Amino acid sequence: MSPMVEIKGISKSYGKTVALSEIDLTIAEGQFFALVGPSGSGKTTLLHILGGFIEPSAGRVLIAGQDVSSQPPARRPTTSMFQDYALFPHMSVGANVGFGLLMRKVPRTQRLSRVAAALEMVGLSGMNARRIHQLSGGQQQRVALARALVVEPKVLLLDEPLGALDLNLRRQMQQELLHIQKKVGTTFVHVTHDQEEAMSIADVIAVMNNGHLEDVGPPARVYIKPKTRFSATFMGESNMFEGTVAGRSGESIEVDTAFGRLKVPGVAEPGARVSLSIRPEQIMAADGDTPGQVPLGVLQVDEVSFFGTHHRCLGRHVKSNLPMIIRLPQHQAVGIGEKLNIAVQREDIVLLTQ
Amino acid sequence: MLKNFLQTMFNNIPAAVYVALIYFFIFLPVAVLVLFSFQDSLLPIPPFQGPSLRWYQAIFADFRIMEALWNSLMVGVVSAALSCFLGFLAAYGLARYPVRGSGAIQWLLVAPLSVSYLIIGMGLLITFKTLAIPKSLSAVIIGHVVINLPLAFAIIYSQMGEHHANLERAGRDLGAAEWQVLVLITLPLLWPALMASFFLSFTLSWDEFIIALLVSRFDVTLPVEIWSLLRSGLNPKTNAIGSMVFIVSIFLVIITEIAVFGRRKSK
């Protein structure tokens with residue numbers, strides 16, 4: 001796939017505060033791309049730079065091979081779906097959706113049919129004449145989506161558009177966004193602070209923190225094999241522990257840790273201090289004597305809560321007193337104070353060198 | 001809301017009496033003024049005789065009063081329109097662009113609100129004299145812009161918050177040029193605020209006496225004309241004019257209420 005958006009060395013600072021530092025990122029055509037990170041990580045700033053609302057301090061933005069760095073929002077082949085929807089309250093639904101076409105001087109008859117088609121796509125057929133304040137939050141959301149897509153932008157920018165919805169509606173809209181994106185094939189760049197949302201809808205995720213990119217990749221890779229400590233903890237719960245590299249053999253290393261000497265996939269120099277991470281759901285209550293499994297010793301359970309899909313147990317590793325979180329399957333209930341033998345698949349231990 | 005208000009009021013009889021007395025004394029002079037404008041005899045004093053419309057007939061036949069009325073309307077409309085236009089420009093600039101010393105500029109723009117009309121009038125008189133601007137209706141218009149611009153600016157500026165800025169951004173994002181954003185988004189959204197400032201400015205100009213007296217000469221506004229009528233003694237004719245002025249003011253206040261608060265309720 002050819003690159004649709006190329007971000008080259010983009011930096012932005014406000015006085016002495018650095019909002020973005022030297023971001024390089026390529027987004028392929030037709031991709032659903034999610035920028036995820038905590039608030040203040042610079043994800044919204046980056047999105048606004050793509051839309052042309054913020055001028056970067058340095059760097060260039062290319063869209064479909066064209067340098068748009070110096071173009072105002074009106075001239076860019078992008079449209080935005082704003083956090084508060086920014087629907088025009090003094091216009092009808094139809095006039096809102098048709099606004100972009102009117103600005104592009106599309107003839108009236110063509111405009112009306114395209115507005116009708118866009119409203120149908122978002123499931124609001126026949127709502128042309130409604131006023132904005134007569135619509136529910138979810139409906140306003142759809143109008144905003146139709147308004148941004150009807151002008152057939154090359155890239156649609158979504159600025160936390162699902163933030164104001166309740167959980168059920170949110171999940172439903174995520175599905176719909178995904179569905180519509182696959183149908184129209186437009187490149188979507190979606191900003192969110194909800195890592196579950198990012199994983200469930202995006203083809204590629206970029207994790208941002210403190211104005212730089214921590215990790216970029218498909219959701220499964222970013223979740224299962226995170227590149228950095230930050231992305232391991234931000235993308236979900238994680239058991240993080242330190243170790244010293246004892247030896248190296250080809251594509252794997254031996255690390256001395258609180259759990260004993262572990263052989264993990266990865267490359268590092270002997271003697272180096274490294275971090276290892278294991279996702280709570282990858283730790284199982286087992287002796288670890290089957291091939292491929294690594295025994296981790298004994299865990300004493302301190303707290304248990306039931307989450308429907310799993311039991312979340314907080315406990316301590318008996319030998320090292322290291323706090324741990326593990327998730328046990330529904331049918332494997334444990335009591336507080338119980339001691340469990342725990343183990344993990346060797347390939348699920350992730351080496352973090354950054 | 002009104003029902004609750006009435007309930008609490010009648011639960012508390014002394015408070016109700018107190019409120020009734022306040023309104024009685026506030027509206028007594030106006031009621032007396034309006035009542036005696038229908039007086040059938042030569043003096044607007046009790047006993048009331050009539051009702052009669054003879055004094056209304058007299059003012060409509062009075063060339064000078066009609067001219068003053070027309071002057072007042074003209075000064076009101078022109079000064080209110082100018083105040084809104086200048087107030088809008090100032091508000092737009094300060095709300096949408098980073099301006100150095102914007103706090104000080106805003107303070108300076110609103111400061112005339114705290115100065116008495118008499119001081120402003122004297123200041124204008126001296127300034128006009130220095131600049132060799134003759135006393136005229138145009139001078140009155142300038143004076144009324146001085147007192148109404150701060151008000152228009154404050155009302156319009158208060159309505160130009162981040163939410164409106166975001167809507168303008170959405171317009172630009174969809175391909176609107178700056179003038180299209182202004183005409184299709186900014187102005188329609190500000191319409192209630194513009195209407196409110198216009199009618200409020202008009203009402204204040206319509207009533208204003210001191211500045212109009214100080215900076216006008218041959219052509220005068222209605223309040224100045226009424227004042228010169230009063231100097232020759234009480235006359236039901238002045239009551240009739242006063243009633244007219246009062247009715248126009250009330251009418252404008254109602255329009256302003258509907259333009260601003262009516263819209264807000266429908267949201």
Side-chain angles (χ1 to χ4, degrees), chain A residues 14-15 44 47-48 50-55 71-92 95-106 111 115 118 131-134 140 143-153 155-159 161, chain B residues 84 88 91-93 95-103 155-198 255-256 258-267:
Chain A
Y14 297 97
T44 304
L47 193 81
H48 283 177
L50 289 183
F53 299 112
I54 296 179
E55 212 176 307
Q71 283 182 5
R75 304 264 310 277
R76 297 195 180 198
T78 57
T79 50
S80 304
M81 195 170 159
F82 295 88
Q83 198 166 13
D84 63 354
Y85 317 144
L87 296 173
F88 307 130
H90 57 294
M91 297 182 195
S92 67
N96 263 281
V97 177
F99 189 83
L101 297 173
L102 186 70
M103 294 304 108
R104 284 163 178 73
K105 300 192 173 69
V106 173
R111 202 166 73 223
V115 167
R131 309 294 301 184
I132 296 303
H133 63 84
Q134 294 175 308
Q140 294 191 4
V143 174
L145 182 63
R147 183 179 73 173
L149 278 178
V150 76
V151 297
E152 292 169 3
V155 182
L156 179 70
L157 308 172
L158 303 104
D159 181 11
Chain B
C84 287
F88 168 73
Y92 192 78
R96 291 293 177 265
Y97 297 94
V99 180
R100 198 180 296 178
S102 122
I155 294 174
I156 297 169
Y157 185 78
S158 72
Q159 296 296 311
M160 297 196 72
E162 195 41 42
H163 181 63
H164 277 193
N166 212 18
L167 292 170
E168 291 166 8
R169 214 170 283 144
R172 280 182 207 113
D173 184 59
L174 291 165
E178 276 312 301
W179 70 268
Q180 287 170 313
V181 172
L182 191 70
V183 173
L184 297 173
I185 297 165
T186 313
L187 286 178
L189 287 173
L190 279 180
W191 199 239
L194 289 169
M195 293 289 277
S197 346
F198 180 86
I255 290 185
T256 314
I258 292 171
V260 185
F261 300 105
R263 278 267 196 118
R264 204 164 288 169
K265 245 176 239 164
S266 74
K267 275 180 190 171

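Each chain gets a letter, A, B and so on, in the order the sequences are listed, and its residues count up from 1. These numbers come from a predicted model, not from an experiment.
- With a 4.5 Å cut-off on side-chain heavy atoms, Phe88(A) and Leu184(B) do not count as touching.
- In this structure, Arg104(A) and Leu174(B) approach most closely via the heavy-atom pair NH1-O, 2.8 Å.
- There is no contact between Arg131(A) and chain B, counting heavy-atom distances below 4.5 Å.
- Each of Met103(A), Met91(A), Arg75(A), Gln83(A) has some count of heavy-atom pairs under 4.5 Å with chain B, and the biggest count is that of Met103(A).
- Closest heavy-atom contact between His90(A) and Leu189(B): ND1-CD2, 3.5 Å.
- Only the backbone of Leu87(A) comes within less than 4.5 Å of a heavy atom of chain B; no side-chain atom from C-beta onward does.
- Other residues, nucleotides and ligands place no more than 12 heavy atoms under 6.0 Å from the CD atom of Glu55(A).
- Atom-to-atom distance recorded for Gln180(B):CD and Leu102(A):CG is 7.5 Å, nearest 0.5 angstrom.
- Heavy atoms of Met81(A) lying under 4.5 Å from chain B are absent altogether.
- Annotation: the span from Asp173(B) atom CG to Arg76(A) atom CZ amounts to 10.0 Å, rounded to 0.5 Å.
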